[in-house]
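Chain identifiers are assigned alphabetically (A, B, ...) following the order of the sequence lines, protein sequences preceding nucleic acid strands; residue numbering begins at 1 within each chain.
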Protein chains: 2
Amino acid sequence: MKIGELAKRSGLSAHTIRYYERIGLLPYADRDRSSRRDYDASILTWIEFLGRLKATGMPIREMLRYAALREKGSGTEAQRRELLDQHRTRVRAHVAELQACLLVLDAKIAGYADAEKRMTQYDTTLPERRRKPAGARQARAR
Amino acid sequence: MKIGELAKRSGLSAHTIRYYERIGLLPYADRDRSSRRDYDASILTWIEFLGRLKATGMPIREMLRYAALREKGSGTEAQRRELLDQHRTRVRAHVAELQACLLVLDAKIAGYADAEKRMTQYDTTLPERRRKPAGARQARAR
DNA sequence: CTACGGGTTCGAGCGCACTCTAAGTCAAGG
DNA sequence: CCTTGACTTAGAGTGCGCTCGAACCCGTAG
């Protein structure tokens with residue numbers, strides 16, 4: 001598989017794939033006789049996993065540490081597990097934080113929704129928004 | 001409250017506070033007669049809310065849109081609600097993605113934990129890690 | 001009076017993660 | 001043979017969100 005094909009399949013750009021190889025996130029790819037990268041489908045699994053790490057906010061620096069351990073092969077499993085374990089802890093904390101923020105967001109949005117409802121009912125500030133009082137209660141529901 | 005005090009209370013640096021004012025994320029602060037910023041405690045509420053937006057990944061560009069609507073005052077509630085509502089949707093999606101990634105991470109970690117356990121039991125690669133076979137099953141539990 | 005510990009402005013610099021450009025190589029199709 | 005288009009490299013540029021430095025100002029304590 002050439003780099004263009006891999007780009008399509010992985011969702012990364014060819015530029016990014018070369019960049020990842022340059023910094024050591026992807027292993028140095030075999031080249032054909034005209035020095036073009038030729039990939040094995042198995043690289044996709046690795047790219048996909050890198051994507052998960054990235055999606056969960058792992059900085060490239062740390063992915064590099066993981067990639068290096070992986071390259072090094074057996075004997076590094078405990079360190080790899082440790083690294084992922086620590087990352088998981090951070091991700092869990094992050095999810096918890098997001099959920100807390102969502103509650104705040106919910107409250108804020110509910111506040112605005114209330115304000116809107118009141119406006120529609122009593123017509124305090126936006127005359128052009130007036131509706132028949134009877135139907136106003138349901139207005140703008142989403 | 002002077003900028004240093006606000007920095008301490010808000011967790012932002014004085015540099016960042018000035019930067020936020022410069023770009024319009026914080027309202028232009030009143031100055032004392034020697035042109036130093038003098039803050040009202042109420043700014044903390046706003047900074048805290050900005051922190052939530054930031055924590056949930058809202059780019060500054062969009063916080064600026066929200067801040068501008070807020071400055072503009074009443075009549076912008078519907079737009080503010082809309083903005084926050086869209087953001088909430090994105091955050092929820094992001095949380096879902098993180099949770100999916102966590103499952104992958106869990107599986108990967110479990111895989112490594114298994115490998116370690118097997119190593120400890122059969123002593124294949126790391127002799128210095130050997131333990132009495134009888135107790136090895138429970139080793140390294142977390 | 002002077003030193004110090006804040007503060008001020010403006011603009012430059014940084015770290016991250018790409019993203020793109022320029023100039024060149026190569027293989028296949030018309 | 002010539003064009004096309006996908007590839008190669010090294011290195012420069014981008015966008016984001018700060019972060020810092022330089023030079024200066026000001027009020028108070030010793």
Side-chain angles (χ1 to χ4, degrees), chain A residues 1-40 43 46-68 87 90-91 94 97 101, chain B residues 1-40 43 46-68 87 90-91 94 97 101:
Chain A
M1 192 193 333
K2 289 292 188 297
I3 199 170
E5 176 71 8
L6 180 60
K8 236 168 280 172
R9 292 207 201 182
S10 66
L12 298 177
S13 74
H15 281 307
T16 302
I17 293 170
R18 288 192 206 100
Y19 165 69
Y20 278 1
E21 178 183 307
R22 208 156 67 215
I23 64 173
L25 209 46
L26 293 179
Y28 185 82
D30 295 341
R31 315 294 159 115
D32 66 11
R33 52 198 166 340
S34 54
S35 66
R36 282 154 190 221
R37 292 169 182 79
D38 204 350
Y39 293 95
D40 186 284
I43 196 76
W46 174 233
I47 290 179
E48 200 186 323
F49 187 63
L50 285 178
R52 306 282 184 179
L53 295 182
K54 185 180 159 209
T56 50
M58 184 185 282
I60 283 187
R61 252 188 333 291
E62 202 173 342
M63 293 192 222
L64 284 176
R65 293 221 317 114
Y66 185 79
H87 181 58
R90 287 192 299 269
V91 177
H94 186 211
E97 191 193 359
C101 288
Chain B
M1 191 191 335
K2 288 293 187 300
I3 199 171
E5 175 72 7
L6 179 61
K8 235 168 279 170
R9 292 206 201 184
S10 67
L12 299 178
S13 74
H15 280 307
T16 303
I17 294 170
R18 288 191 207 101
Y19 165 69
Y20 278 3
E21 179 183 305
R22 208 156 67 215
I23 65 174
L25 210 46
L26 293 179
Y28 185 84
D30 294 342
R31 316 294 159 115
D32 64 13
R33 54 198 166 338
S34 52
S35 66
R36 286 160 186 212
R37 291 168 182 79
D38 205 349
Y39 292 95
D40 185 285
I43 195 75
W46 174 234
I47 290 180
E48 199 185 326
F49 186 64
L50 285 178
R52 306 283 184 179
L53 295 183
K54 185 183 158 203
T56 50
M58 184 184 282
I60 283 187
R61 253 187 334 288
E62 202 172 341
M63 293 193 224
L64 283 177
R65 291 221 316 115
Y66 184 78
H87 181 59
R90 288 192 298 268
V91 176
H94 186 212
E97 190 193 1
C101 287

Starting at CD of B/Glu5 and ending at P of C/dG5, how long is that distance when rounded to a whole Å?
18 Å

In whole angstrom, what separates A/Asp38's CG from C/dC26's P?
17 Å

Whichever of B/Arg18 and A/Arg37 has the more 5' nearest nucleotide on DNA chain D, that residue is A/Arg37

Looking at A/Ala7, is its backbone amide N or carbonyl O close enough to the side chain of A/Arg9 to form a donor-acceptor pair, meaning the two atoms are under 3.5 Å apart?
no

Whole angstroms only, please: what is the NZ-C1' distance between B/Lys2 and C/dG7?
9 Å

Has B/Asp38 got a side-chain atom pairing as donor or acceptor with B/Arg31's backbone, closer than 3.5 angstrom?
no

Apply the test side-chain contact (heavy atoms from CB on, under 4.5 Å) to residues A/Leu53 and A/Glu62: give CA-CA distance (whole Å), side-chain angles for both, the deciding distance (0.1 Å), then the verdict.
CA-CA 9 Å; A/Leu53 295 182; A/Glu62 202 173 342; over 6 Å; no

Fit a plane to each ring of A/Tyr66 and A/Trp46, take the angle between them on a 0 to 90° scale, and name the class: parallel (under 30°), tilted (30 to 60°) or perpendicular (over 60°).
parallel

Would the number of heavy atoms belonging to other residues, nucleotides or ligands and lying under 6.0 Å from CG of B/Asp32 be above 12?
yes

Take the angle between the ring planes of A/His94 and B/His94 and call it parallel below 30°, perpendicular above 60°, tilted in between.
perpendicular

Look at the side chain of A/Arg22 and decide which nucleotide, out of D/dT8, C/dT8, D/dA12, has an atom nearest to it.
D/dA12

Does D/dG17 have its OP1 or OP2 closer than 4.0 Å to a side-chain nitrogen or oxygen of B/Tyr20?
no

Please give, in whole Å, the distance from C/dA17 C1' to A/Ile17 CD1?
15 Å

Candidate nucleotides D/dC18, D/dC7, C/dC18, ranked by approach to the side chain of B/Tyr19 - the nearest
D/dC18

Which of residues 49-64 of chain B sit near DNA chain D, with a heavy atom under 4.0 Å from it?
B/Lys54, B/Pro59, B/Ile60, B/Arg61

What is the distance from CG of A/Leu6 to C1' of D/dC7, rounded to the nearest Å?
14 Å

Interatomic distance, B/Glu21 CD vs D/dG17 P [rounded to whole Å]
19 Å

Measure the distance from CZ on B/Arg36 to P on C/dT9 and round it to the nearest whole Å.
11 Å

Closest nucleotide among C/dG7, D/dC20, C/dT21 to the B/His15 side chain:
D/dC20

Pull out every residue in residues 24-34 of chain B that has a heavy atom closer than 4.0 Å to any atom of DNA chain D, ordered by number, or say none.
B/Ser34

note: B/Ile23, atom CD1; C/dC10, atom P; distance rounded to Å ~ 15 Å

Answer whether the closest heavy-atom distance between the side chains of B/Ile60 and B/Tyr19 falls below 4.5 Å.
yes

Answer yes or no: is there a side-chain heavy-atom contact under 4.5 Å between A/Ile17 and A/Ser10?
yes

Apply side-chain contact (heavy atoms from CB on, under 4.5 Å) to the pair A/Leu26 and A/Leu50, showing each step before the final yes or no.
CA-CA 9 Å; A/Leu26 293 179; A/Leu50 285 178; 3.9 Å; yes

